[in-house]
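Encoded as structure tokens, the structure appears first; notes follow it.
Each residue takes its place number in the sequence, starting with 1. Just so you know, ligand 1 is whichever comes first in the structure, and atom 1 is the first atom listed for that ligand.
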Amino acid sequence: MKLWEGRFDKPTAPDADVFNESLSFDKKLYRADITASVAHATMLGKCNVISEEESNAIVEGLNSILSDVEEGKLEITGYEDIHSFVENVLVSRIGDAGKKLHTARSRNDQVATDFRIYVRESALQVKSAVRSLIESLLALAKDHFDDVMPGYTHLRKAQPVCVSQFFNAYAEMFLRDMDRLNHVYKEANVMPLGSGALAGTSYPVDRTITMELLGFDGMTNCSLDGVSDRDFVAEYLFACSMIMAHLSRLCEDTILYTTEEFGFIEIADAYSTGSSIMPQKKNPDIPELVRGKTGRVYGHLMGLLTTVKGIPLAYNKDLQEDKECLFDTETTVLRCVGIYAEMLKNITLKSKRMEEAAGSEFTTATDIADYLAKRGVPFRNAHAVTGKIVRHCIEQNKTFLDLTVEDYKTFSPIFEEDILSIVDARNSANSRIVTGGSSSSSARATVASIEERLKTL
Ligand code: ARG
């Protein structure tokens, strides 16, 4: 039975029913819906809007529905949406008392409440997945304090960096994502129940009771906004989009670093794939798929923003479109973050190859310029002198390490014996001991700081 069919003479067309329904996807809200209804019925009883017996019967009936669904004894099917399903089953189980559950409530404040319960829980779930990913990154960072690699700008070798800082960089991004998810939780954790269809309710309800029963931090202050606000959904989708953006960058680096050209990383067979035609191939399908799925998550964010942009106050059915985008985002992000956290436990770093790469292509040129500048040469002049040394090396097909002190002195009399160790990649990385710098000691401090902040999130 439809909750609203009293006003209608004729039944809706079957295709209209199919188009209108949301049960096929909002059944995911069953637990939130029943929990919210239990709180609502309890509050109605306490406020004497319904009798205590009625309230108890409703709560008992709702709990029996919940356990039957969880035990697979009751299939969620046959109604317009999850709210209609629960209410109809309730009435079929407890009779007339069940018909009082919807007193002082509308599906509009009901669905907004259910969804907030769902989203706040989901934000915590995603956060815990991101935490595991950070732990995988930290494990790698801790294993490679003594290794160096080239750092890149414009995807050209720039300066040598401690390998740990590569992983720390991603851990920092994901820490911000955890922080954002905490914010999403806070945004979602406000209760709209009591807003009715749009105008609140004239029954003597006590919203504080339901708020406390449902663990909300606060309640909405304007019913028109309460039933139609979906900012928390947009915030969730944005937080997930940022996670995917960060993950996608990590994918890109992983894919590049596993190429024959870079050869910095090898993904274990367990997380690699092959080619049906080229027997030699070992493909990075997992990072490619994750990178690809990023577009899908962004699409959901754009979809929701577009859905909400033109709707007049207050509730409009457009808002039913808030769910599938969120459910798909949730599944996608959890799968992507989860598989990446595992895959990272199954990669090997080719430290020797990375170190060789860190020392080639004049990555320590800045160190030569700094050497001169620290000894009084204006940095701009030091830059020009070093540029000449680079040109000389290119012409002679040499590296900085091939030059003798005498060679250096032909470019500036300031150079001394110690320039020979300055141009070493490892020394270069380790000279940047500034907070967050490329040195091994900075990387250790960064790891310690990430671990500290992780505890607070
Ligand atoms: N399935 C609906 C949704 O998700 C529930 C609210 C229906 N409200 C209404 N006034 N038709 O938005």
Side-chain angles (χ1 to χ4, degrees), residues 1-8 11-37 39-40 62 65 69 76-91 99 101-122 188 190-201 210 214 220 222-237 300 303-330:
M1 182 189 135
K2 295 208 174 65
L3 299 176
W4 39 265
E5 66 187 24
R7 187 226 172 277
F8 289 78
T12 40
D15 57 347
D17 275 341
V18 169
F19 189 72
N20 200 41
E21 73 88 32
S22 55
L23 188 65
S24 54
F25 49 88
D26 70 13
K27 60 179 163 196
K28 276 196 148 200
L29 298 178
Y30 77 88
R31 201 176 316 122
D33 191 71
I34 294 173
T35 309
S37 287
H40 182 65
L62 287 169
I65 296 174
V69 170
I76 303 178
T77 180
Y79 292 93
E80 181 185 339
D81 55 27
I82 188 64
H83 326 295
S84 315
F85 170 82
V86 172
E87 194 177 316
N88 275 288
V89 177
L90 180 69
V91 172
K99 295 183 181 166
L101 170 61
H102 212 53
T103 313
R105 185 178 80 172
S106 154
R107 276 186 298 166
N108 298 352
D109 57 349
Q110 185 181 358
V111 73
T113 304
D114 293 359
F115 208 29
R116 283 170 178 271
I117 292 172
Y118 187 93
V119 169
R120 71 182 181 188
E121 245 173 62
S122 177
V190 179
M191 188 192 72
L193 201 58
S195 302
L198 78 163
T201 176
T210 34
L214 294 171
T220 54
C222 174
S223 57
L224 292 172
D225 181 47
V227 291
S228 59
D229 169 24
R230 294 295 183 274
D231 294 6
F232 65 101
V233 184
E235 300 256 15
Y236 177 99
L237 297 178
H300 290 319
L304 181 87
L305 289 173
T306 311
T307 295
V308 297
K309 89 176 177 57
I311 54 176
L313 278 177
Y315 177 86
N316 296 264
K317 191 72 173 230
D318 315 39
L319 291 174
Q320 180 166 290
E321 287 295 307
D322 61 356
K323 289 175 202 64
E324 286 162 290
C325 57
L326 187 130
F327 294 146
D328 186 66
T329 296
E330 177 187 48

Item to check | Residue pair Asp322, Arg230: steps toward the salt bridge (Lys or Arg N to Asp or Glu O under 4.0 Å) verdict | outcome: CA-CA 8 Å; Asp322 61 356; Arg230 294 295 183 274; 2.7 Å; yes

Item to check | Option among Glu87, His83, Arg105 that satisfies the side-chain hydrogen bond (donor to acceptor under 3.5 Å, both in side chains) test with Ser37 | outcome: Arg105

Item to check | Interatomic spacing from CG in Leu193 to OG1 in Thr210 - rounded to 0.5 Å | outcome: 5.0 Å

Next on the checklist: Using a 6.0 Å distance limit plus a 45 degree cone around the ring axis, check whether Lys323 lies over the aromatic ring of Phe25.
Outcome noted: no

Next on the checklist: Test: salt bridge (Lys or Arg N to Asp or Glu O under 4.0 Å). Region: residues 303-321. Which pairs qualify, not counting sequence neighbours?
Outcome noted: Glu80-Lys317

Checklist outcome for this item: Chain-and-number sorted residues having a heavy-atom contact under 4.0 Å with ligand 1 are Ser22, Asp26, Asp81, His83, Arg107, Asn108, Val111, Tyr315, Gln320, Lys323

Item to check | Criterion ring-ring contact (aromatic ring centres under 6.0 Å, His included) on Tyr236 and Phe115, from CA distance to verdict | outcome: CA-CA 12 Å; Tyr236 177 99; Phe115 208 29; 8.6 Å; no

